[in-house]
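Heads up: numbering here begins at 1 and tracks the sequence.
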Amino acid sequence: QVQLVESGGGLVQAGDSLRLSCAASGRTFSSAWFRQATGNEREFVATISWISGSTYYADSVKGRFTISRDNAKNTVYLQMNSLKPEDTAVYYCAAGYRPTAYRSNDYNYWGQGTQVTVSS
């Protein structure tokens, strides 16, 4: 079984940047970031393939967020720039075996989540 541990969340102002990290105990086909704001459903943010390195982003974060991987450290990152108050949410790292996956049910393993709060 794959275990995931997120870190890097915090409180920032609009326009600031933040980098989230997700350390994994094993490898899967793909990894992703999801987020869940208070009163909302969990939504897809970004995904990356461990095989090809290809990425896919939600329209709401495209051009501002970058997902990346470090094979040596077996870690996935989410670089978040130009943060907006609407980015405020608990961010979750996920891993699974399905390609081109952007729904919660497509992933097998989940981290505990890390809080990101963006003030205006």
Side-chain angles (χ1 to χ4, degrees):
Q1 303 298 314
V2 176
Q3 293 181 314
L4 307 174
V5 180
E6 302 103 327
S7 63
L11 174 62
V12 298
Q13 290 186 315
D16 286 352
S17 298
L18 205 59
R19 190 181 79 161
L20 306 182
S21 299
C22 175
S25 65
R27 292 283 292 272
T28 57
F29 184 87
S30 62
S31 294
W33 288 94
F34 287 78
R35 66 187 183 186
Q36 186 168 16
T38 301
N40 294 84
E41 298 294 324
R42 187 172 299 182
E43 66 173 343
F44 168 79
V45 175
T47 186
I48 187 168
S49 169
W50 279 98
I51 305 301
S52 67
S54 62
T55 59
Y56 179 78
Y57 298 90
D59 289 341
S60 60
V61 305
K62 192 173 299 182
R64 298 188 298 120
F65 291 11
T66 302
I67 187 171
S68 62
R69 56 177 165 85
D70 186 326
N71 291 339
K73 297 181 179 180
N74 206 26
T75 299
V76 177
Y77 303 96
L78 183 68
Q79 178 66 46
M80 304 183 292
N81 298 328
S82 301
L83 283 163
K84 305 174 181 179
E86 48 263 47
D87 294 319
T88 295
V90 176
Y91 283 70
Y92 296 91
C93 181
Y97 304 101
R98 299 193 64 178
T100 318
Y102 54 88
R103 292 177 291 195
S104 295
N105 289 341
D106 292 329
Y107 291 89
N108 304 87
Y109 312 107
W110 293 85
Q112 81 287 350
T114 185
Q115 177 70 48
V116 173
T117 302
V118 184
S119 62
S120 59

Excluding sequence neighbours, so at least two apart, what forms side-chain hydrogen bond (donor to acceptor under 3.5 Å, both in side chains) with S31?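 Expected list: W50.
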S119: side-chain hydrogen bond (donor to acceptor under 3.5 Å, both in side chains) partners, not counting sequence neighbours: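 Applying side-chain hydrogen bond (donor to acceptor under 3.5 Å, both in side chains) to S119 gives none.
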How long is the span from the SG atom in C22 to the CG atom in D70, to the nearest 0.5 Å?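 So the SG of C22 and the CG of D70 are separated by 12.5 Å.
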State the CD1-CZ distance between I48 and R69, to the nearest 0.5 angstrom. 5.5 Å
Looking just at side-chain N and O atoms, do N81 and S17 make a donor-acceptor pair shorter than 3.5 Å? yes
Begin from the C-alpha positions of Q112 and Y92 and carry the test side chain to side chain contact (heavy atoms under 4.5 Å, CB included) through to its verdict. CA-CA 7 Å; Q112 81 287 350; Y92 296 91; over 6 Å; no
Which pair of heavy atoms, one from T28 and one from A95, lies closest together, and at what distance? OG1-CB, 3.5 Å
Looking only at non-hydrogen atoms, find the nearest pair between A24 and L4 and report the distance.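 So the two residues come closest at CB-CD2, 3.5 Å.
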Check this for me: Y102, atom OH, are more than 12 non-hydrogen atoms of other residues, nucleotides or ligands nearer than 6.0 Å?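 At most 12 heavy atoms, drawn from other residues, nucleotides or ligands, come within 6.0 Å of this atom.
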Checking R64 now: which residues fulfil salt bridge (Lys or Arg N to Asp or Glu O under 4.0 Å) with it, not counting sequence neighbours? D87
Please collect all ring pair (Phe, Tyr, Trp, His ring centres under 6.0 Å) contacts where either partner lies in residues 57-91, sequence neighbours excluded, each pair once. none
Applying ring-ring contact (aromatic ring centres under 6.0 Å, His included), can you list everything that pairs with Y56, at least two apart in sequence or on another chain?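 Once residues adjacent in sequence are excluded, the partners of Y56 under the ring-ring contact (aromatic ring centres under 6.0 Å, His included) criterion are F44.
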Does the T88 side chain pair with the main chain of V118, one donor and one acceptor, at a distance under 3.5 Å?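 Looks like yes, one N/O pair under 3.5 Å.
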Is it true that a side-chain atom of Y97 and a backbone atom of Y107 form a donor plus acceptor pair closer than 3.5 Å? no
Pairs where residues 38-51 contributes a residue and the test salt bridge (charged side-chain N to carboxylate O under 4.0 Å, His left out) is met, not counting sequence neighbours: R35-E43
